[in-house]
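Structure, as structure tokens:
Counting starts at 1 for both ligands and their atoms, in listed order. When reading the values below, keep in mind they use all heavy atoms of this one structure, side chains included, and skip hydrogens, waters and symmetry mates.
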Amino acid sequence: MDEKLFEKAAAALPQICFEKPPACGLILGSGWSKTLQMGNVLARLSYSDIPGLGTGTIAGHSGEMVLFERHGLRIVAFMGRRHYYEGVPLETVVLPVELMRRMGVGRLLVTNAAGGINPQFHPGSLMVLRDHINLTGITPLRGPLLPGWGPRFPDQSQLYSPELSGLLRQAGKDVGTVLVEGTYVYTTGPGFETPAEIRAYAGMGADAVGMSTVHEVVTANAIGMKIAALSCITNMAAGISGPHLSHQEVIDQTEKSAPVMSAVLDAFLKRLA
Ligand code: HPA
């Protein structure tokens, strides 16, 4: 990891970001950014103004960091993420987590879009991550141990906080929707999976598949943050439903589900307060 890049990125943030630790950090993936209800905005910065983050290349992914107040809480949101499949260094993928560490964030919610493997899911299901499988074989923790990045061999027995996951489930109930729960398998993408791969992942115990989240979560765990994660199941994975998959399908489903995604997200922040 290039610590100098982290320094440069942190130096680009307005001082107000470091004045008081946010009660929660958010990393919002495909389609989720648009659903965030913000109150009083304290600071707003385009990713292109944060060295190391740069402009995303994918439709449906915005790129802005916003510090705001909602339900009496200070929240920092990274709206849009950079993905490993874009060819950017891992520093870029996990930079939001490092910046949140420097702001003093202790609780993190990560969201994404994913393909459903569990046959009980359907497009529009919202899945709380119980655990994950990192199929990429790649970890941001490789290399010299950085200051504040925990022990050399971090425990990963319980990456997803039962307490924060419980708040997510309660937030679902608050807005009249039942959240499902499951294991997320992380592949690098950008190709969607083959039907044979999906059958193999089902056998491994995966309930959903996606191309993000895990590198951020592994880093946040090492740093000592409490973490929850929520997937919008945008399609059933390859071989389970229709004959083709496309990114357009992912975008269309997040647009259809936006009202419920927005309500759950906001109810979660309210529950934190
Ligand atoms: N596979 C991988 N990533 C995804 C999918 C999928 O089917 N849907 C949304 N993100």
Side-chain angles (χ1 to χ4, degrees), residues 26-35 56-63 78-88 90 93-94 96 109-138 160 179-218 228-258 260-262 264-265:
L26 306 172
I27 299 176
L28 302 177
S30 309
W32 283 93
S33 299
K34 283 187 229 156
T35 75
T57 56
I58 312 302
H61 296 271
S62 49
F78 284 82
M79 314 202 349
R81 60 156 59 82
R82 303 304 307 274
H83 299 79
Y84 185 70
Y85 62 67
E86 292 178 74
V88 294
L90 271 179
V93 177
V94 304
L109 174 67
V110 189
T111 65
N112 61 42
I117 296 178
N118 184 325
Q120 292 180 348
F121 295 178
H122 55 80
S125 296
L126 296 182
M127 182 186 92
V128 179
L129 272 67
R130 195 189 304 122
D131 204 348
H132 74 226
I133 299 168
N134 180 0
L135 260 197
T136 68
I138 296 158
Y160 298 91
L179 307 187
V180 297
E181 216 174 84
T183 296
Y184 175 93
V185 59
Y186 175 39
T187 68
T188 60
F192 286 106
E193 301 70 36
T194 67
E197 284 166 345
I198 293 300
R199 286 194 298 276
Y201 302 164
M204 292 165 82
D207 297 289
V209 58
M211 308 174 192
S212 71
T213 300
V214 164
H215 284 146
E216 293 110 299
V217 166
V218 163
L230 187 59
S231 296
C232 176
I233 304 296
T234 51
N235 56 279
M236 292 312 287
I240 298 182
S241 63
H244 304 292
L245 285 178
S246 72
H247 185 56
Q248 192 56 47
E249 203 175 322
V250 174
I251 293 174
D252 289 348
Q253 183 60 49
T254 54
E255 278 174 6
K256 232 163 123 182
S257 298
V260 67
M261 290 155 73
S262 179
V264 171
L265 197 52

Within residues 110-121 or reaching into it, pairs that qualify as side chain to side chain donor-acceptor pair (under 3.5 Å) - sequence neighbours excluded: Asn112-Thr213, Asn112-Ser231, Asn118-Asp207
Per-pair distances, ligand 1 N/O vs protein N/O, less than 3.5 Å:
{"residue": "ligand 1", "atom": "1 (N)", "partner": "Glu193", "partner atom": "OE1", "Å": "2.8"}
{"residue": "ligand 1", "atom": "1 (N)", "partner": "Glu193", "partner atom": "OE2", "Å": "3.3"}
{"residue": "ligand 1", "atom": "7 (O)", "partner": "Asn235", "partner atom": "ND2", "Å": "2.9"}
{"residue": "ligand 1", "atom": "8 (N)", "partner": "Gly115", "partner atom": "N", "Å": "3.3"}
{"residue": "ligand 1", "atom": "8 (N)", "partner": "Asn235", "partner atom": "OD1", "Å": "2.7"}
{"residue": "ligand 1", "atom": "10 (N)", "partner": "Ala113", "partner atom": "O", "Å": "3.4"}

Polar side-chain atom of Ser262 near backbone of Thr35 as donor-acceptor pair, under 3.5 Å: yes
Side-chain heavy-atom pair Leu230, Leu265 within 4.5 angstrom cut-off: no
Residues in side-chain hydrogen bond (donor to acceptor under 3.5 Å, both in side chains) contact with Ser246, at least two apart in sequence or another chain: none
Minimum side-chain heavy-atom gap Ser212-Arg81 below 4.5 Å: yes
Salt bridge (charged side-chain N to carboxylate O under 4.0 Å, His left out) pairs, two or more places apart, involving residues 112-135: Arg130-Glu181
